[in-house]
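Each remark here refers to the structure printed beneath this line.
Residue numbers begin at 1 in each chain, while the letters A, B, ... track the order of the sequences. Here the structure is a predicted model, which is why all the values come from computation and not from measurement.
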Number of protein chains: 2
Amino acid sequence: MSTIRDVARLAQVSTATVSRVINSPDSVREKTREKVLRAMKMCNYKYNALARGFATKKSNTIGLIIPNINNPVFAESTLGVQEYAEEKQIKVILGNTSYKISQEESLIKALRESQVDGLIITTTNPKGEIIKSLTDEGIPFVLLFSTVKNGPVSAVGVDNYRGGYVATEHLISLGHRRIGMIAGSFTVTDRSYHRWHGYRQCLKDHGLPYDKDLLVQTEYSLSGGRDSIKQLLKHGSPPSAVFCSNDYIALGAIKGAREAGLSLPEDLSIVGFDDMPTASYMVPALTTIRQPAYEMGRRACELLLQKMENPEKPEQHMMETKLIVRESTAAVQYDTEAEDGGDRQ
Amino acid sequence: MSTIRDVARLAQVSTATVSRVINSPDSVREKTREKVLRAMKMCNYKYNALARGFATKKSNTIGLIIPNINNPVFAESTLGVQEYAEEKQIKVILGNTSYKISQEESLIKALRESQVDGLIITTTNPKGEIIKSLTDEGIPFVLLFSTVKNGPVSAVGVDNYRGGYVATEHLISLGHRRIGMIAGSFTVTDRSYHRWHGYRQCLKDHGLPYDKDLLVQTEYSLSGGRDSIKQLLKHGSPPSAVFCSNDYIALGAIKGAREAGLSLPEDLSIVGFDDMPTASYMVPALTTIRQPAYEMGRRACELLLQKMENPEKPEQHMMETKLIVRESTAAVQYDTEAEDGGDRQ
DNA sequence: TTGTATGCGTTATCAG
DNA sequence: CTGATAACGCATACAA
């Protein structure tokens, strides 16, 4: 593989000049430039961005850490950062944590050793050691799908509390009074925890009792939703509506409910969270709280690049969620309400 | 940021020794090692993998190129390569092409400049210039979701022809005689093309006429499937079953068919391709041809690392597809068959 | 087991 | 507008 030195020799110029035609072509006389360009062709020169990174201490690479690329909402946000980065000629290294803190930690370590210029992290624990040490050491990073609304870290997210509140309110407005929730484990994601808070406060504000048996925490998976709904339906006085922490869980819950012999939305209303691309294609089409995942990814990337330029002034971008009403929620059916007390299984 | 030189000075050893405790700790006396380790702590030394990459000409990074991370099947394969790479301490840079050749080209160029040690490419055109030049220049790479079964390039894929054949055969065995296909544009993906070949040959082998109006090419998207099925249903003699190039399209087709007033699977059978994670959660649960996407990703990564060690002997791994029969296909209903000639819309 | 010296490909500083 | 040359942080041959 030839280097700028080879090119320089061939073109009878210095390496500095070769470097110039690469980085600021205008600063070199046209004739010289062409001579250099010809020499490059001749020896099939290939630019080495790694060497450049070494010399400039900028790798033009950022790290993106997400819990699970299989979750459509993270795939979308990934596409968002990806595309924005692409536009700015930045490469992105992807890391999956599988919701494991230890994994998150080792990933960040490896990424830092690789001299990434910054990090976008969809973390599981924004108050953890990891984030703190990143802050202390002045590494540019931004939190994505973040729950933090202020303080010293940059972040983009939505108001999960509000999302949970709105979802629950929708159900209440439909006449539901026994409303359950299937949540991602609070130990694993505080987003879910905040949504639950919104759910709970909404219940309270509407004078509905909070029944802790109507909350089940599970993993963020299809089967998690499916198993959880069955558990909920076994309750002596089962819910007529359930708010699910995300669409993936909701999809599982719908399946589980149907397996338990219910028909939706007549017997049970379900609302999800995310509005993943397939949400409107499901049967019944899913009522959900939309997060603009793609835009969030883009914005996070934008914020990061900004922060890399100017490390001061942390910023939080809170994006809007929106209730999307589709077919998975319906007015409560009084004849199938809690009073019948039947175990539908 | 401190370097091994700082550490060396602090520990009163040479930089070579510091380098040794990092890379081959056993080759240095325990006492010295501890001294060095202490010095590292003291000056808060952080290893610089980029510098190492520069010195060794190995970045320990590979590039992964996929058409669209939003397609669940690519998300899964990505997870596969990701996890295998992780195990081997390799970082992966992700690139989306959006099925655009030009994008694929510029991505590969950028990745090569970044000195990735190898490339995993889910390409759109295995016979194109890009692949050829990669081969010529001896860059280690492997094709993922590949259609090539032999020749000089390493690849992992499935037999798309056979998948298409089996899908069609299943439909025929259910009594269907008017079988349509919604395919991803042949110009954009040859996988789809091969599946169509299987479909077509199967028709022929069973003495069924091939009607070109029963094929519609579209983009690999939900709306693509939805629009295409409507087009198909407008046919004077519409199909009673449709084979879709992938599950995403199938999901769209199901939606579209339902909007057109059909009930599934009674009025129309649908079979997809991929078996994405949500396939069994759909309504009706999707009959499909399963590809082991996660495994394919892992295998591709394995093959690549192997190839990086030993650039000789290209290998193709063809993995098994499997027909998964669920609820979206059913025996043909004779009273709604082609003869009635009705336009169901 | 440890040290010395050199090189990796580029940028950047300083002269000219 | 161009050239000479010193970094950048680490690995590695070779020597001791």
Side-chain angles (χ1 to χ4, degrees), chain A residues 1-40 43-61 89 91 109-117, chain B residues 1-40 43-61 89 91 109-117:
Chain A
M1 199 88 305
S2 52
T3 73
I4 55 171
R5 219 166 334 248
D6 300 316
V7 176
R9 199 178 315 127
L10 221 69
Q12 318 215 57
V13 299
S14 72
T15 61
T17 299
V18 178
S19 180
R20 282 184 199 106
V21 340
I22 294 172
N23 294 298
S24 49
D26 294 338
S27 74
V28 28
R29 192 156 50 99
E30 178 165 352
K31 213 156 174 189
T32 325
R33 197 193 319 150
E34 284 175 354
K35 198 166 54 175
V36 171
L37 259 12
R38 258 198 311 275
M40 284 181 171
C43 62
N44 190 27
Y45 169 75
K46 292 272 191 291
Y47 185 66
N48 184 333
L50 194 149
R52 170 216 181 89
F54 177 59
T56 59
K57 296 165 169 298
K58 277 197 90 228
S59 62
N60 289 314
T61 298
Q89 318 251 48
K91 273 94 48 191
K109 178 151 179 283
L111 255 17
R112 292 192 48 190
E113 289 188 349
S114 296
Q115 310 301 109
V116 294
D117 299 328
Chain B
M1 201 88 298
S2 52
T3 74
I4 55 171
R5 220 172 327 251
D6 301 314
V7 176
R9 200 177 316 127
L10 221 70
Q12 317 214 58
V13 299
S14 72
T15 60
T17 299
V18 178
S19 179
R20 284 187 196 103
V21 339
I22 295 171
N23 295 298
S24 51
D26 294 339
S27 73
V28 30
R29 192 155 50 98
E30 178 164 355
K31 216 158 173 186
T32 326
R33 196 191 322 150
E34 286 175 353
K35 199 165 52 173
V36 171
L37 260 12
R38 259 198 309 276
M40 285 182 171
C43 61
N44 190 29
Y45 170 74
K46 293 270 190 294
Y47 185 68
N48 183 334
L50 193 149
R52 170 219 181 86
F54 176 59
T56 59
K57 294 163 170 301
K58 277 196 89 229
S59 62
N60 290 313
T61 299
Q89 319 251 50
K91 273 96 47 191
K109 179 154 179 281
L111 255 17
R112 291 192 47 191
E113 289 189 349
S114 296
Q115 310 300 111
V116 294
D117 299 328

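Between the B:S114 side chain and the B:A110 main chain, a donor and an acceptor come within less than 3.5 Å of each other.
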Item to check | Nucleic acid footprint by protein, nucleotides 6-16 of chain D - heavy-atom cut-off 4.0 Å, B for base, S for sugar-phosphate alone | outcome: --BBBBBB---

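Closest of all the heavy-atom pairs between A:D117 and A:K58 is OD1-CA, 3.6 Å. Annotation for A:S2 and A:C43: closest pair OG-O, 2.9 Å, computed over non-hydrogen atoms. Shortest non-hydrogen contact noted between B:M1 and B:D6 is O-OD2, 4.4 Å.
Inspection of the B:N48 and B:K46 side chains reveals no N or O donor paired with an N or O acceptor under 3.5 Å.
Look at CZ on B:R9: it is 14 Å from P on C:dT4, rounded to the nearest Å. Look at NZ on A:K58: it is 14 Å from C1' on C:dT11, rounded to the nearest Å. The separation between A:E34 atom CD and D:dC1 atom P is 14 Å, rounded to whole Å.
With the end axes of the helix from C:dT1-D:dA16 to C:dG16-D:dC1 each set by five pairs, the angle from one to the other reads 30° at 10° resolution.
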Checklist entry - Are A:R20 and A:V36 close enough, and set up right, to give a side-chain contact (heavy atoms from CB on, under 4.5 Å), and what steps lead you there? => result CA-CA 10 Å; A:R20 282 184 199 106; A:V36 171; over 6 Å; no

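To the nearest 0.5 Å, atom CG of residue B:L50 and atom OG1 of residue B:T61 are 8.5 Å apart.
In this view, B:K57 satisfies the salt bridge (charged side-chain N to carboxylate O under 4.0 Å, His left out) rule with no residue, not counting sequence neighbours.
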